[in-house]
Structure formats: structure tokens, C-alpha cells
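Chain A is the first sequence line, chain B the second, and so forth, proteins listed ahead of strands; every chain is numbered from 1.
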Amino acid sequence: MSEEKSLNFIEEIISQDLASGKYAQILTRFPPEPNGYLHIGHAKSICLNFGLSLHFGGGTNLRFDDTNPTTEETEYVESIKADLKWLGFNWVKECYASDYFDTLYGFAVQLIEKGLAYVDDSSPEEIALQKGTPTAAGTGNEYRNRSIAENLELFSNMKLGKYEDGTKVLRAKIDLANPNMLLRDPIIYRIKKAHHHRTGDKWCIYPMYDFAHGQSDSIENITHSICTLEFIPHRALYDWCIDQLGIFPSKQYEFSRLNITYTILSKRKLLQLVQEHHVDSWDDPRMPTISGMRRRGYTPESIRDFCDRIGIAKRENIIDFSLLEFCVREHLNKIAQRRMVVTDPIKLVITNYEKGEEILNSENNPEDAQGGVRAVPFSKELWIERGDFMEEPTKKYFRLGPGLMVRLKSAYIVKCESFEKDAAGVVQTVYVTYVPESKSGADTSGIHVKGTLHWVSAQHAVPVVLNEYDRLFKVEDVAGAEGDFKDYINEQSLTKTHAWAEPALLADPLDARFQFIRKGYFYQDTTSTQEALVFNRTVTLKDAWAKEQKK
RNA sequence: UGCCUGAUAGUAUAAUGGUAGUACGACUGUUUUUGGUGCAGUUUGUCUUGGUUCGAAUCCAGGUCGGGCAACCA
């Protein structure tokens, strides 16, 4: 337990509960509905729940909140488990609300027997109408006065499948005038003759969230049930159910959900992006899903670090996307293998280089003294970036231009002697002379240059495809922007580039993390093959020169 | 017009009646064979009006602004 960091309000509550002896150890839970893929907002909840039990001692259950058979699928269950494991968390028990269907049914019967629940034959519209409005009390109906015996029989018949979907519901009998709309006789069971991904066709009635969640927490002896702010009004119902049933008193606590600039964190909207082909899939590297971020090259460490930094509180927030970028850069800088890739090539010819070719060594990672070196072939003709040559260099331009000198990374210092344009006036070739005694690591030339360029030997170059990603949306606050969120989609969020790479990439493992020097961090895409290498740009490098140019 | 919540630099998050701090961002400088990294520094803040107090971001009262609540979703 590290004491130097101050506690957030939930950690505060837990340390008090532990100190007072209320609990000997804590048990939290992560309760996704298996109706979509996990995203970075879930990661915040995951890191919180698992982090809490790791920090204070105890455990965390993984519980699938699968009470709505029409939206849930096993595919989602599997992806959620895979994402959780990848993030590095282990749950104590794998639970399903559907495992409690029998118990939950019994709870409902208990409520009926206490005169606290009744079967209502009204239509959804009628029920909504009878609920009143936030400022006007609701009105009852004749079904509210049904006898216990009648309710018992009707509810049993509901279970037996004697009624059609939507014709009857079971409601808790609480208070139709309560200022909290959720307490105005909430529906706790509805008829759905649908196939459930786990219970199959065994059930045709399913409990609502409010009659399943708190009870599931209680059944598992969850001590601290942590959810997001929009569930605050549900807490009264949560407690009411537990009180009336007299079961283990789990307690609900709420924190604010995560928002990030230039993206959306809503399963419903993310599903829409997939279904309407604005992105390729749930794991499209542009998606803020865990699987998308994994494919893009984010590391579990960087996501956990991000969740650590954003903090836990109760106020609405929107985190800068740049914080996420900072976190992944910081981690990748330490572990990524440096490689050289040229994306928009022009030819560089070294006129006085007569050796044919030679093999140079270049460090894999300057941050890691044990990282070793790799062999990089060097020759008379190289590819360099078009952006690294300027016909008429501006002041503060440290790259190549007529008469200017630069170092070629891990190789020699060269001086630009001349250049050649094609018919259209576009520069195609730059002619330089090199300084033989300036060889990297054995430089006796005494020459000091300000710029260092990456390069690839033309005859050894390997073709690769780079997926360069930009933000998915054009506005900062997508959820808060007026109108349809899809109007703000950035159509240029993906740029595919053909590039030349150094041959070392051919021998690198599939899951290696790379920094393409001066370009950014890259990770091999799932579609990449030895014959056609494809890399996703996880994030660019910070670019002080781009900033300087804007001035 | 009801109920529930919340409000500290650009963005987050601490300070639990006693020096408003930290991170990211931005800006300087410095180091550097990545205009990367590292290092040093600068910048900007307690929603408002009263009250209690020796002392208020913190407690009290009123106001303002934000978010949520009327799914057989979770």
C-alpha cells in the first residue's frame, strides 16, 4: 500500500469500512452486459474495481449482467474475457446474472407474498402514462389491488409461458407519488419469449436490471458495488430490494464515467459505427475499444497508467486525448525497437561512395543500454524523406538543402552538392558527398551538424504498408455536439501509405513494438504477412518542428 | 414547476477549518547521432453573494451554471 498518493473518495470509504471492522476484506465486481465490446471507459471501471481489491486485499468477480436475452451474445462474453485478461486482471469468480434466475424468481415470489409486488396487465403506454411526470404524482390502476393469491397464480402463469410478450409485467408495489420516478412501482419482471445465450429457452420471463443487479451483488456478498453516476437514482431501489428481501447488504457507490475528446464511449454508438461501416469492425484500430486499441498497438501498461492518471471523482469530465497519447508514448519509448522507414521517398545518391555496400550497426533502443544493435545495410543509393530536403531552406531548417550538411542516422555525415528535378519540376534526386571519417561511433571528422536523417538503402529496401490514423471525430466534445454524432466523423481518419523499410523488419517477431525513427510508434496489424507487411501507427512522435513551422 | 447530483488553472485531480499542490497541455532554456528522450524553469485556478470563524476551496444560507431522472435497456 503506497501512502504517498492521496485516496479518492471510494478508497476513503473502503479504508474506513476496513478500519471500523465492518468488513475484514472487500469484494468488488465488474458487471458488463455482454452486448458489445469493452472500451476504454470500461477500462476505467475495471482498473478501479480490480485495483481496489488488489490495493486493499480481497477480490473482484467478473459478472455478466445478462438479463436481456435479445441483445446478448456469447461472442461478446468471450471478447470481454479476452480483453480483461489482456489488460492483466484476474477475477475471483466468473458469474452470470442468469445463474441466479431461479433465486431471483424466488425473490419475486417473496415480494408478492409480502404484498409488495403485483401483476399488471396494462400496456407500456398505459404504464408510462400512469407513472405521472417528475412534477406530477402517478396514478394507480385496478391491477394494483389484486390479491396475493391472484398475483401468485398470474406470476406463475407468466413463467409457464401462458401469456404473450408485453401483455403482463410484474411490478414492485412501492409508491406512485415518489419524487424518484424509479420508485413509482417499477417493473421487475417482463415476458420475453426469446432465446437466451446461456439459459436457452428455459425462461420466458426475465428480471429487469433493478431486480437483478443488487440481488446478484448480494448473492455474491459484494461489499462495494461501484457503478457510474447515472445509477444514482437507482440506489434507492437497490437498497429497497435488499431491505425487503433481508439479504446481504451490498452497498452501491457511484463515480463519473469517462469521456475523451474526439471520440465516443457509448456501446450503442460504437455499435452503430460498426454496423453502418464507418469503421471496419469492433477492433478497428480507430475504435476506442480495448480490442481496437490493442490492434493499434496500445499496451496494457499504458492503458492502466492512463486509468491511474485520470482519477476517480463525481464530477462530469472530458479527458484530453493527448493524455492517452502521452501514456502510450511514455511506455513505448522505453520498450519499442527503433527501425528506419521512409514514407515519401526521394533518392539520395552519394557520388563519392565507392564501397558498393557495407553493414552498419544501429542501436535498437537508446533508452535501453542492454537493447543491443541491429545490422543495417548502407549503400551508394538511399531513400530519404521528401520532407527532409528543401530547395530553398528557411532559417532554422536543419535538414538537407543546397550546400547543407546532415548526418545520416548511424552512418555518415553528407553534404548536399546538387539536385535534380523531373519534367514537372518535382525534386527526384539529391546528390551528396559523404565524409568517410565521420562514420558513426568512429567520427574523427570534427564536424558538427544539427540534423540527423533516417534513410533506407534503396537496393535493400523492403516495401511495407503503413496505416496512419487520425482522430475519429472532428470535434472535441462529440457527445455534447449538436445533432447526429455521425455528422462529425472525420472521413480522413485513416491514411494508407506505401513505404520503404529497412530489411530488419522481415526478421522481427509479429508482436514487436516499433518506433520508426522520427515517424512514430508502430505495431504490426493482424492482416500483416511476411510477404506484405502492414503496420498500424499507434501514435506519432511529438513533433516540435511541426509546431515551429506553424509559427 | 419536482427530485437527485456536481462546481478548484486549458483538461483532469489533491488539499478532510491552517502555505492552494500534482499531472497532462502550452511556453522558455538546456542536453541529444530521432526537431524524439532526458533535465531545468515559466504560465494560468477555488462559480457567485452573504454569513460563522483569529483563519474558509473546505462549515452555513441564498443564487448561478452543468449533468441525470418519466425504456417491458443496462
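Looking only at atom types and distance, the side chain of A/Ser225 has a donor-acceptor partner in the side chain of A/Arg29 under 3.5 Å away. A donor atom on one side chain and an acceptor atom on the other are not found under 3.5 Å apart for A/Ser445 and A/Ser438. Residues A/Ser98 and A/Asp66 bring a donor and an acceptor atom of their side chains to less than 3.5 Å of each other. Side-chain contact check for A/Ser122 and A/Asn141: at least one donor-acceptor pair (N or O, by modelled atom type) lies under 3.5 Å. In summary, the side chains of A/Glu75 and A/Tyr37 do present a donor paired with an acceptor at a separation below 3.5 Å, with no hydrogens or angles considered. Checking A/Thr343 against A/Lys519 by side-chain atom types alone, a donor-acceptor pair falls below 3.5 Å. Between the side chains of A/Thr299 and A/His331, at least one donor-acceptor pair of N or O atoms lies under 3.5 Å. Counted by atom type alone, A/Glu220 and A/Asn61 present one or more donor-acceptor pairs between their side chains at under 3.5 Å. A donor atom on one side chain and an acceptor atom on the other are found under 3.5 Å apart for A/Asn365 and A/Arg338. Between the side chains of A/Asn68 and A/Tyr209, no donor-acceptor pair of N or O atoms lies under 3.5 Å.
The two residues A/Met208 and A/Tyr189 have their closest heavy-atom pair at CG-N, 4.2 Å.
Using a 4.0 Å heavy-atom distance criterion, A/Lys450 is classed as making no nucleic acid contact. No contact: A/Leu182 has no heavy atom under 4.0 Å from any strand. Nucleic acid contact class of A/His448 (heavy atoms, under 4.0 Å, all strands): none. Among the protein residues, A/Asp543 comes within range of the sugar-phosphate backbone only, with heavy atoms under 4.0 Å from sugar or phosphate atoms but none that close to a base. Using a 4.0 Å heavy-atom cutoff across all strands shown, A/Arg338 reaches at least one base atom of the nucleic acid. Among the protein residues, A/Tyr206 comes within range of no part of the nucleic acid, since none of its heavy atoms lies under 4.0 Å from any strand. When heavy atoms are screened at a 4.0 angstrom cut-off, A/Ser362 is found touching no nucleic acid atom at all. Within the nucleic acid shown, A/Ile318 comes within 4.0 Å of sugar-phosphate atoms alone, with no base atom in reach, counting heavy atoms only. Among the protein residues, A/Phe326 comes within range of the sugar-phosphate backbone only, with heavy atoms under 4.0 Å from sugar or phosphate atoms but none that close to a base. Nucleic acid contact for A/Lys192: sugar-phosphate only, since backbone atoms but no base atoms lie under 4.0 Å from a heavy atom of the residue. At a threshold of 4.0 angstrom between heavy atoms, the contacts of A/Leu541 include nucleobase atoms, whether or not backbone atoms are also involved. Within the nucleic acid shown, A/Arg309 comes within 4.0 Å of sugar-phosphate atoms alone, with no base atom in reach, counting heavy atoms only. Here A/Pro366 lies in heavy-atom contact (under 4.0 Å) with a base. Nucleic acid contact class of A/Gly441 (heavy atoms, under 4.0 Å, all strands): base.
Between B/G38 and B/G45, the two C1' atoms lie 29 Å apart (nearest whole Å). Straight-line distance between the P atoms of B/U37 and B/U44: roughly 25 Å, to the nearest whole Å. B/U49 and B/U42: their P atoms are spaced 31 Å apart (whole Å). Comparing the P positions of B/U1 and B/U64 gives a spacing of 9 Å, expressed to the nearest Å. One C1' atom belongs to B/A15, the other to B/U48, and the distance between them is 22 Å to the nearest Å. A distance of about 37 Å separates the P atoms of B/C47 and B/G36, rounded to the whole Å. Comparing the same atom, P, in B/G18 and in B/C59 gives a spacing of 11 Å after rounding to whole Å. Spacing of C1' atoms, B/G17 relative to B/U52, comes out at 11 Å, to the nearest Å.
Each of A/Ile191 and A/Glu548 lies near RNA chain B, and the nucleotide nearest A/Glu548 is the one positioned closer to the 5' end. Where A/Arg399 and A/Pro179 each meet RNA chain B at their nearest nucleotide, the meeting point lying more 5' is that of A/Pro179.
Mapping heavy-atom proximity under 4.0 Å, the span of RNA chain B touched by chain A runs 5' to 3' from B/G2 to B/A74.
Under the 30°/60° scheme for interplanar angles, the aromatic rings of A/Tyr353 and A/Tyr434 are found to stand perpendicular.
A/Tyr262 carries A/Arg471 over the face of its six-membered ring, with the cationic atom under 6.0 Å from the centre and within 45° of the normal.
Helical stems involving RNA chain B, defined as 3 or more consecutive Watson-Crick or G-U pairs under 3.5 Å, span B:2-7 with B:64-69, B:10-13 with B:21-24, B:26-30 with B:38-42, B:47-51 with B:59-63.
Contacts between residues 66-75 of chain A and RNA chain B, defined by a heavy-atom separation under 4.0 Å, are made by A/Thr67, A/Asn68.
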